[in-house]
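Working notes, beginning with the structure itself.
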Amino acid sequence: MNDSILGLDLATRRYRDIGIAILQEEGKQINCQFLRPSDHQLADPPIVEALADYIAQIADNYGVRLIAIDGPQAWKAPDNGLEHQRVSEKALRTQAKTGLWGLCKPQSSLRFVRFAIDFYMALEARGWQRQNSAAAMYEKCVIEVFPTAAWRALGVKALPAKPACSNEMVAHWLSYLPRHFPIHLEQTPTHDELQALMAGLVGWAFAQQRGYQSYGHAPQWVDGHWQEGFIVNLEGSRFNEV
């Protein structure tokens, strides 16, 4: 299994809320399957190091060359010209706004923000390299994505939050994707898996080096913390709900 993409929808309280999608190209078709960490006897709540070990092992097993993560990779740089968020977050209108080290808006997102930032660093410790230029692609590459903006890029309303999203709604939003991508699903996704699939499709565009855009500034290691970082999105995004 070569040149696969892994889309990851992070969660911090239960492993069953983490979405994992594996995308593998076969000819002109993208085969998609979903993996459930809750099936592998990982004890809640998720721990950064344990999840990084699990994802790195999956990546090895499936020949993954790129991991696309829905979650912030770094803190805001103090000199980026914005008060409360990274440049990439302003461009894509993210719900969570990552501030200076230890701060975010809304404050209720801080647990998730810390977890995500630590998770990127844990993957780096396992040989994965974050995107450091607008088009950078490596043998083992990690990019940040924001599925909400990707849905908008397709000209559809963003997938509703999980508490407000029925199985019928998940199926409805899923039906948009084959109109834009040659996907074949081996399973029906949950809400979290559908978001992971969208993350993976943005990663697929990035790996193809076409049909995507990188927003924000290159990540910087300053005073013991990562700052800024790109968010990759599908090309031609309007960022407006319809």
Side-chain angles (χ1 to χ4, degrees), residues 1-11 14-42 44 46 50-71 119 123 128 137 139-151 153-154 156 158-162 165-212 232-234:
M1 301 179 185
N2 297 314
D3 297 337
S4 300
I5 309 297
L6 190 153
L8 180 61
D9 182 54
L10 285 176
R14 302 180 301 181
Y15 277 104
R16 69 182 183 182
D17 295 328
I18 295 173
I20 301 173
I22 302 292
L23 284 65
Q24 296 174 301
E25 242 186 305
E26 293 189 14
K28 296 182 178 180
Q29 181 173 277
I30 305 172
N31 289 332
C32 309
Q33 62 179 299
F34 305 102
L35 305 179
R36 293 173 180 164
S38 57
D39 293 340
H40 292 267
Q41 300 181 341
L42 295 170
D44 290 330
L51 181 60
D53 282 340
Y54 174 70
I55 294 299
Q57 185 60 60
I58 289 173
D60 284 345
N61 292 346
Y62 284 87
V64 169
R65 64 166 172 164
L66 185 143
I67 299 174
I69 302 174
D70 178 12
F119 183 72
L123 287 180
W128 291 84
M137 183 67 193
E139 183 178 349
K140 297 172 71 174
C141 187
V142 177
I143 63 171
E144 179 182 347
V145 300
F146 181 48
T148 294
W151 288 108
L154 298 183
V156 301
L159 181 70
K162 185 161 64 170
C165 197
S166 65
N167 290 338
E168 291 75 15
M169 294 170 73
V170 169
H172 176 71
W173 259 262
L174 176 63
S175 70
Y176 288 112
L177 295 182
R179 306 176 194 178
H180 301 277
F181 303 96
I183 61 171
H184 170 74
L185 300 178
E186 297 185 6
Q187 303 154 264
T188 300
T190 64
H191 181 281
D192 303 308
E193 290 165 346
L194 180 55
Q195 291 292 71
L197 172 57
M198 179 57 88
L201 289 170
V202 178
W204 177 79
F206 183 79
Q208 297 289 311
Q209 291 289 282
R210 56 184 171 83
Y212 77 95
V232 178
N233 196 33
L234 299 176

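Hydrogens, waters and symmetry mates are skipped; everything else that's a heavy atom, side chains included, is used. Throughout, residue positions are numbered sequentially from 1 according to the sequence presented.
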Show, in sequence, the C-alpha distance, side-chain angles and deciding distance for V142 and F119, and conclude whether the side-chain contact (heavy atoms from CB on, under 4.5 Å) test is met. CA-CA 11 Å; V142 177; F119 183 72; over 6 Å; no

What's the separation between atom CG in L159 and atom OG1 in T148, rounded to the nearest 0.5 Å? 7.5 Å

Shortest non-hydrogen separation from S4 to I22 and the atoms involved: CB-CG2, 4.4 Å

Take atom CD of Q209 as the centre, draw a 6.0 Å sphere, and report whether it contains more than 12 heavy atoms from other residues, nucleotides or ligands. yes

What are the two closest non-hydrogen atoms of F206 and C141, and how far apart are they? CE2-SG, 4.2 Å

Counting heavy atoms not belonging to R65, are there more than 12 under 6.0 Å from its CZ? yes

When rounded to the nearest 0.5 angstrom, what is the spacing between CD in Q33 and CD in E193? 11.0 Å

Can you find a pair of side-chain heavy atoms, one from M198 and one from L154, that are under 4.5 Å apart? yes

Looking only at heavy atoms, the pair that brings A205 and G211 closest together is CB-O, 3.8 Å

Whether H191 side chain and G19 backbone form a donor-acceptor pair below 3.5 Å: no

Quick one, T190 and R36 - any side-chain contact, counting heavy atoms below 4.5 Å? yes

C165 vs V170 side-chain heavy atoms within contact, under 4.5 Å: yes

Q57-D53 side chain donor-acceptor pair, cut-off 3.5 Å: no

Taking C-beta and beyond as the side chain, do T188 and N167 meet within less than 4.5 Å on heavy atoms? no

Residues in side chain to side chain contact (heavy atoms under 4.5 Å, CB included) with A21, at least two apart? L23, F34, A196, L197

Closest non-hydrogen contact found for G203 with I143 is CA-CD1, 3.9 Å

The criterion is side chain to side chain contact (heavy atoms under 4.5 Å, CB included); which residues satisfy it with R210, sequence neighbours excluded? Q208

What distance separates D3 CG from L66 CG, expressed to the nearest 0.5 Å? 10.5 Å

Give me the atom names and distance for the closest heavy-atom approach of L194 to P189. N-CB, 3.8 Å

Supply the atom-to-atom distance L8 CG to I55 CD1, rounded to the nearest 0.5 angstrom. 5.0 Å

State the CG-CG distance between N31 and L185, to the nearest 0.5 angstrom. 9.5 Å

Please enumerate all residues that pass side chain to side chain contact (heavy atoms under 4.5 Å, CB included) together with A50, with sequence neighbours excluded. Y15, I47

State, with a plain yes or no, whether a side-chain heavy atom of D70 is found less than 4.5 Å away from one of F146. yes

Close side-chain approach of E25 to I30, heavy-atom, < 4.5 Å: yes

Among D192, L35, D9, which residue meets the side-chain contact (heavy atoms from CB on, under 4.5 Å) test with I20? L35

To the nearest 0.5 Å, how far apart are CG in L6 and CD1 in I58? 6.5 Å

Would you kindly say whether W151 and Q195 are connected by a side-chain donor-acceptor distance under 3.5 Å? yes

Quick check: closest heavy atoms across P46 and A11, and the distance to 0.1 Å? CG-O, 3.8 Å

